[in-house]
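Below is one structure, written out as structure tokens; the observations come after it.
Just so it is clear: chains get the letters A, B, ... in the order the sequence lines come, proteins before strands, and each one is counted from 1.
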There are 2 protein chains.
Amino acid sequence: MPSDTSTVLRARFENGSPLTVADQRHIDRLPFSGRNLRRGEVISRQGDLANRLHVIERGSAVAYRYLEDGSRQVVDLYFPGEILELNEFSERWYSSGLMALTDTRLVSYDKADVSRLFYQSPELSRRFINLLSHQQAVLTERLLTLSRAPARRRVAHFLLEIRSRATPGTVNSAYLFGRGPRELQPGRQRLEPVDTVRIPQAVIADALGLSLVHVNRTLRQLRENGVVGSTGHGITLIDIPGLKAEACQTESSGAETRRSA
Amino acid sequence: MPSDTSTVLRARFENGSPLTVADQRHIDRLPFSGRNLRRGEVISRQGDLANRLHVIERGSAVAYRYLEDGSRQVVDLYFPGEILELNEFSERWYSSGLMALTDTRLVSYDKADVSRLFYQSPELSRRFINLLSHQQAVLTERLLTLSRAPARRRVAHFLLEIRSRATPGTVNSAYLFGRGPRELQPGRQRLEPVDTVRIPQAVIADALGLSLVHVNRTLRQLRENGVVGSTGHGITLIDIPGLKAEACQTESSGAETRRSA
DNA sequence: CGGAGGCTTGAACGCTCTCAAACGATGTGG
DNA sequence: CCACATCGTTTGAGAGCGTTCAAGCCTCCG
């Protein structure tokens with residue numbers, strides 16, 4: 001148990017509006033375990049018992065499933081602060097595999113412990129319900145994009161979603177953006193534009209339900225239009241408004257002032 | 001307030017395992033209003049304030065959204081016993097419109113009242129979380145099907161999902177299956193096979209992200225293969241295993257014996 | 001320097017779309 | 001009871017987007 005506490009789960013629940021001290025304590029007291037993974041390392045397999053709840057402290061991960069025809073489908077990507085496989089919190093077994101996309105640090109809780117939180121504090125229940133609900137909204141959005149949109153729009157939408165999800169925790173997101181851990185050492189600053197997405201095109205393809213070849217072609221088009229740039233590996237987002245235009249943003253994510261019951 | 005009580009929301013929470021008397025009371029005491037709609041009638045519009053929670057008592061409904069290019073996308077279908085727009089429970093405004101697909105009876109609650117339930121009973125919170133979580137699993141499944149599958153598989157998957165969702169409450173599902181209310185009068189028994197899905201092909205198309213024309217063609221193929229039959233309007237599911245084969249059922253619901261760490 | 005993994009490009013095929021038109025039931029008014 | 005309007009379904013033909021197959025290239029790393 002490397003560190004005595006991890007604030008990442010608490011931060012997830014706080015999400016802007018502070019918790020009561022009691023609720024903070026409830027979360028902080030949860031027993032947890034930390035785990036460091038190398039890029040490409042498998043976290044759990046499809047069919048494994050899903051009794052733990054993982055939160056990403058640093059790095060990124062991908063949930064995927066192999067279909068009968070052998071093709072791989074990416075179910076979701078995860079970034080620092082996010083809870084893995086939240087979409088099947090109540091399921092007993094994983095219906096998808098989980099892999100570290102970059103070098104990653106996870107914090108893991110026992111689902112039974114987490115469930116107990118909800119008996120201890122209705123407020124935490126409410127917030128968890130909000131998390132789930134919000135996730136569903138995002139999923140729904142993705143569903144709409146995937147089912148009908150042409151490749152250009154899918155890719156643009158994908159890049160924007162990644163950007164919006166990975167940017168918040170600046171420090172952590174450096175694992176995904178920029179050149180990776182090595183370049184983060186002071187003095188070696190590459191001063192690369194921050195908006196560089198470093199996800200293998202194969203993963204993008206499997207996430208969007210496109211072939212790798214066509215994702216590549218689509219990126220080339222966007223590049224020729226000056227919307228994105230290429231830094232060898234990694235995609236630099238140059239013209240964000242342009243990207244949004246490509247994505248035909250439904251943009252339901254406007255700055256919402258929210259207090260709710 | 002036509003009837004003094006409605007058991008449909010309670011049934012949703014019970015879902016097999018009985019509630020304590022206290023919890024039952026909590027739900028039964030919620031103030032609600034009933035509403036009858038004709039086929040095609042609009043329940044709410046995209047952008048409307050989403051402060052009510054609707055449950056279908058009889059009939060069926062569809063959630064849809066118009067995209068910038070003018071095309072319509074079906075977000076979800078709803079059947080008796082299901083909660084409408086559960087995927088955006090925490091949102092303040094509807095991001096999609098809602099329409100009665102057949103003659104329908106709704107029961108509606110105030111979201112604030114429902115939220116209060118969660119403060120009163122952790123058990124109800126837990127169950128609601130399960131509902132949300134399960135919905136997400138279904139959504140995820142649909143996402144996988146939509147993003148990559150060819151038309152045949154999409155249609156087959158769709159028909160099976162409809163069947164599995166609409167069948168349970170036999171009586172209510174008659175509004176969707178069979179010839180509709182009129183034919184249900186005793187004595188007029190049409191004895192039509194129960195597994196007849198009566199959803200306009202246009203809706204199916206918008207749900208699957210296919211063109212109406214191609215949905216039709218695909219249905220014809222399935223018909224020629226003897227998997228489904230056509231009763232003029234309505235699609236009769238003849239060969240369920242055949243359909244499942246077409247759908248390449250991932251069928252994550254298999255009884256998996258697994259111990260693992 | 002050589003290998004491995006990921007990126008890039010070309011060509012041909014095929015699934016799905018759009019456009020266009022006809023058919024069939026149902027319901028309405030004459 | 002028929003003519004007509006309407007809505008949903010059915011079918012054909014041509015075009016476009018994305019796939020598969022098959023190479024070639026680049027970059028990092030041992």
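Of the side-chain N and O atoms in A/Q201, none sit less than 4.0 angstrom from OP1 or OP2 of C/dG5. Taking 4.0 angstrom as the limit, B/R223 places a side-chain polar atom (N or O) nearer than this to OP1 or OP2 of D/dT10. Residue B/R217 has no polar side-chain atom (N or O) positioned under 4.0 Å from OP1 or OP2 of C/dC17. Regarding contacts with the backbone of C/dC7, every side-chain N or O of A/N216 stays at 4.0 angstrom or more from both OP1 and OP2.
Note on A/G234: nothing from the nucleic acid sits closer than 4.0 angstrom, heavy atoms only. At the heavy-atom level, A/L210 lies under 4.0 Å from the strands shown only through sugar-phosphate atoms. No contact: A/G40 has no heavy atom under 4.0 Å from any strand.
When rounded to the nearest whole Å, the span between CG of A/L219 and P of C/dG6 equals 16 Å. Between the C1' atom of C/dC17 and the CG atom of B/D206 lies a distance of 14 Å, rounded to the nearest Å. Put simply, NE2 on A/H214 is 17 Å from P on C/dA12, counting in whole angstrom units. The separation between B/I204 atom CD1 and D/dG8 atom C1' is 12 Å, rounded to whole Å. The distance between atom CZ of B/R152 and atom P of C/dG14, rounded to the nearest whole Å, is 16 Å. With rounding to whole Å, B/R39 atom CZ is found 16 Å from D/dT6 atom P. One interatomic measurement links the two molecules: CG of B/L212 to C1' of D/dT10, which rounds to 10 Å at whole-angstrom precision. Between B/R148 atom CZ and C/dC15 atom C1' there is a gap of 15 Å when expressed in whole angstrom units.
With respect to the salt-bridge test (charged N to carboxylate O, under 4.0 angstrom), the residues A/E246 and A/R153 do not qualify. A salt bridge links A/R72 with A/D206: at least one charged nitrogen is closer than 4.0 Å to a carboxylate oxygen.
Closest non-hydrogen pair, B/T104 versus B/G59, comes out as OG1-CA, 3.6 Å.
Ranking C/dC17, D/dT19, D/dT11 by closeness to the B/V213 side chain, first place goes to D/dT11. Distance from the side chain of A/P150 is smallest for D/dG18 among the nucleotides C/dG10, D/dG18, C/dC19. Which of D/dG8, D/dG12, C/dT16 sits closest to the side chain of B/R220 comes down to D/dG12.
Interatomic distance, NE2 of A/H54 versus CD1 of A/I83, reported as 12.0 Å (0.5 Å rounding).
A/L37 is listed as a side-chain neighbour of A/I43, based on a closest heavy-atom distance under 4.5 Å.
With DNA chain D read from its 5' end, the first of the two nearest nucleotides for A/T218 and B/P200 is the one closest to B/P200.
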